[in-house]
Amino acid sequence: MDFDAVMEELEGLGKERTKKMYISNGAKEPVFGVATGAMKPMVKKIKTNQVLAEELYATENYDAMYFAGIIADPKAMTRADYDRWIEDAYFYMLSDYVVAVTLSESDIAEEVADAWIDSGEELKMSAGWSCYCWLLGSRNDDAFETGKISGMLDKVEADIHSAPERTKASMNNFIYTVATSFLPLHDKAVETAGRVGKIEIRRENKKPAILDAHGNIQKQVDKDRIGFKRKYVRC
């Protein structure tokens, strides 16, 4: 499938209800409103195509940008490529669920995510923390330096209440992910969640969201799902 064929099929798969949901979460026109599951037959046809992914990501169409992340070749992308993608990620569904997800399957994931976390920019920081969530939730525990992850928990505890809104959400998810997917620091993450407490996230045109990492961790403990790892990150 070439660029025109992909765009035509995406447009045909769009649903008005899905489009409204994406827009309510921050997407801007152009948006078709394609459910992620509906993209899977196209993914099977294309598999990986970095050139096509770049064409699609450059459209500024949300659905095309999302699809670009699914067919991209994460290990072929350079730091400059990821920096370019994050600059064009104008809301969290792109920063955290397209760019961060794609980055998490690369060999430079930690290097890039660390720089974004230190950037001071809301969506870059959010993507950096989210990338670590995808990493911790999919890679073996011995792929990480326990001391580094422990220091990141300390940073979250110190900074989360003063962080930008979207970054707060990703930092909260980091605590949860360490507790549920990184066994060496399960206990510390639980203690950190307890001290941090509930986090209120203010959202434009919506009621504030209350995030409770400690309560959600306990639910996974009760289900005996501690140590959970994803088989796949991208759909």
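For residues 188-198, the side chain to side chain donor-acceptor pair (under 3.5 Å) pairs, not counting sequence neighbours, are Ser150-Lys188, Asp154-Lys188, Glu157-Arg195. For residues 168-181, every residue pair satisfying the salt bridge (Lys or Arg N to Asp or Glu O under 4.0 Å) rule, not counting sequence neighbours, is listed here: Glu165-Lys168. Applying the ring pair (Phe, Tyr, Trp, His ring centres under 6.0 Å) definition to pairs two or more places apart or across chains, those involving residues 105-130 are Trp129-Phe174. Pairs engaging residues 205-224 under the ring pair (Phe, Tyr, Trp, His ring centres under 6.0 Å) rule: none recorded [sequence neighbours left out].
In this structure, the side chain of Tyr90 engages the main chain of Lys28 through a donor-acceptor pair within 3.5 Å. At least one donor-acceptor pair closer than 3.5 Å links the side chain of His161 to the backbone N or O of Val196. Checking side-chain atoms of Arg139 against main-chain N and O of Phe144 turns up no donor-acceptor pair under 3.5 Å. Here the side chain of Ser181 pairs a donor or acceptor atom with the backbone of Phe228 at under 3.5 angstrom. With hydrogens and angles disregarded, a donor-acceptor distance shorter than 3.5 Å links the side chain of Arg234 to the backbone of Gly69. Formation of a donor-acceptor pair under 3.5 Å by the Gln50 side chain with backbone atoms of Met77 is not found in this model. A donor-acceptor contact shorter than 3.5 Å is absent between the side chain of Ser170 and the backbone of Thr167. A donor-acceptor pair under 3.5 Å links the side-chain atoms of Ser95 to the main chain of Tyr92, judged by distance alone. Proximity of a side-chain donor or acceptor of Thr102 to a complementary backbone N or O of Pro74 within less than 3.5 Å is not detected.
Nearest heavy atoms, Asn49 versus Leu52: OD1-N, 2.9 Å. For the pair Ile217 and Ala193, the tightest heavy-atom approach, listed with the atom from each and the gap, is CD1-CB, 3.9 Å. Smallest separation of non-hydrogen atoms from Ile175 and Ala189: CG2-O, 3.5 Å. In this structure, Ser106 and Lys75 approach most closely via the heavy-atom pair CA-CG, 4.2 Å. When every heavy atom of Ala38 is checked against every heavy atom of Pro41, the shortest pair comes out as O-CD, 3.4 Å. Residue Ala89 comes nearest to Leu94 through the heavy atom pair CB-CB, 3.8 Å, listed as atom of the first residue, atom of the second, then distance.
Within 6.0 Å of atom NZ in Lys44, 12 or fewer heavy atoms from other residues, nucleotides or ligands are found, so the atom counts as exposed in its surroundings. Environment of CD in Glu111: crowded, with over 12 heavy atoms of neighbouring residues, nucleotides or ligands closer than 6.0 Å. No more than 12 heavy-atom neighbours from other residues, nucleotides or ligands sit within 6.0 angstrom of CZ on Arg230.
Under the rule for a ring-ring contact (aromatic ring centres under 6.0 Å, His included), the partners of Phe91 that lie at least two apart in sequence or sit in another chain are Tyr62. Listed by chain and number, the residues in a salt bridge (Lys or Arg N to Asp or Glu O under 4.0 Å) with Asp114 are Lys148 (sequence neighbours excluded). For Tyr57, the ring-ring contact (aromatic ring centres under 6.0 Å, His included) criterion is met by Trp85, not counting sequence neighbours. In this structure Glu200 satisfies the salt bridge (Lys or Arg N to Asp or Glu O under 4.0 Å) test with no other residue, sequence neighbours excluded. Shown here are the side-chain hydrogen bond (donor to acceptor under 3.5 Å, both in side chains) partners of Lys229, two or more places apart in sequence or in another chain: Asp141. With sequence neighbours excluded, the residues forming a side-chain hydrogen bond (donor to acceptor under 3.5 Å, both in side chains) with Asp222 are Gln218, listed by chain and number. Glu87 meets the side-chain hydrogen bond (donor to acceptor under 3.5 Å, both in side chains) test with Lys124; sequence neighbours excluded.
Hydrophobic clustering (side-chain heavy atoms under 4.5 Å, transitive across Ile, Leu, Val, Met, Phe, Trp, Tyr) groups Trp134 together with Ile70. Using a 4.5 Å cut-off between side-chain heavy atoms of Ile, Leu, Val, Met, Phe, Trp and Tyr, with links allowed through other members, Met65 and Leu123 fall into the same hydrophobic cluster. A continuous path of hydrophobic side-chain contacts links Tyr66 to Tyr82 [ILVMFWY only; heavy atoms under 4.5 Å]. Under the 4.5 Å side-chain heavy-atom criterion for grouping Ile, Leu, Val, Met, Phe, Trp and Tyr, Val31 is connected to Val98 within one hydrophobic cluster. No single ILVMFWY cluster, assembled from side-chain heavy atoms under 4.5 Å apart, contains both Val99 and Leu136.
Between Ile226 and Thr180 the shortest side-chain heavy-atom distance falls below 4.5 Å. A 4.5 Å side-chain heavy-atom check between Phe182 and Thr146 finds at least one atom pair inside the cut-off. Counting only heavy atoms from C-beta outward, the side chains of Tyr132 and Ile149 approach each other to under 4.5 Å. Here the side chains of Lys155 and Ile117 are in contact, with some heavy-atom distance below 4.5 Å. Looking at Val221 and His186, their side chains come closer than 4.5 Å, going by heavy atoms from C-beta outward.
Side-chain contact annotation: Thr78 with Asp81, donor-acceptor N/O pair under 3.5 Å present. Residues Asp96 and Ser126 have side chains that bring a donor and an acceptor to within less than 3.5 angstrom of each other.
One distance of note links CG of Leu185 with CE of Met152; it measures 11.5 Å at 0.5 Å rounding. Rounding to the nearest 0.5 Å gives a distance of 9.5 Å between OH of Tyr97 and CG of Asn25. Between the CG atom of Leu153 and the CE atom of Met171 there is a distance of 10.5 Å, given to the nearest 0.5 Å. The distance from the OG atom of Ser130 to the CZ atom of Arg166 is 6.0 Å, given to the nearest 0.5 Å. Rounding to the nearest 0.5 Å gives a distance of 7.0 Å between OG1 of Thr36 and CE of Met39.
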Distance-only donor-acceptor pairs under 3.5 Å for side chains of residues 3-24, two or more places apart:
{"unit_1": "Lys19", "atom_1": "NZ", "unit_2": "Glu29", "atom_2": "OE2", "d": "2.8"}
{"unit_1": "Tyr22", "atom_1": "OH", "unit_2": "Val34", "atom_2": "O", "d": "2.7"}
{"unit_1": "Ser24", "atom_1": "OG", "unit_2": "Met21", "atom_2": "O", "d": "2.7"}

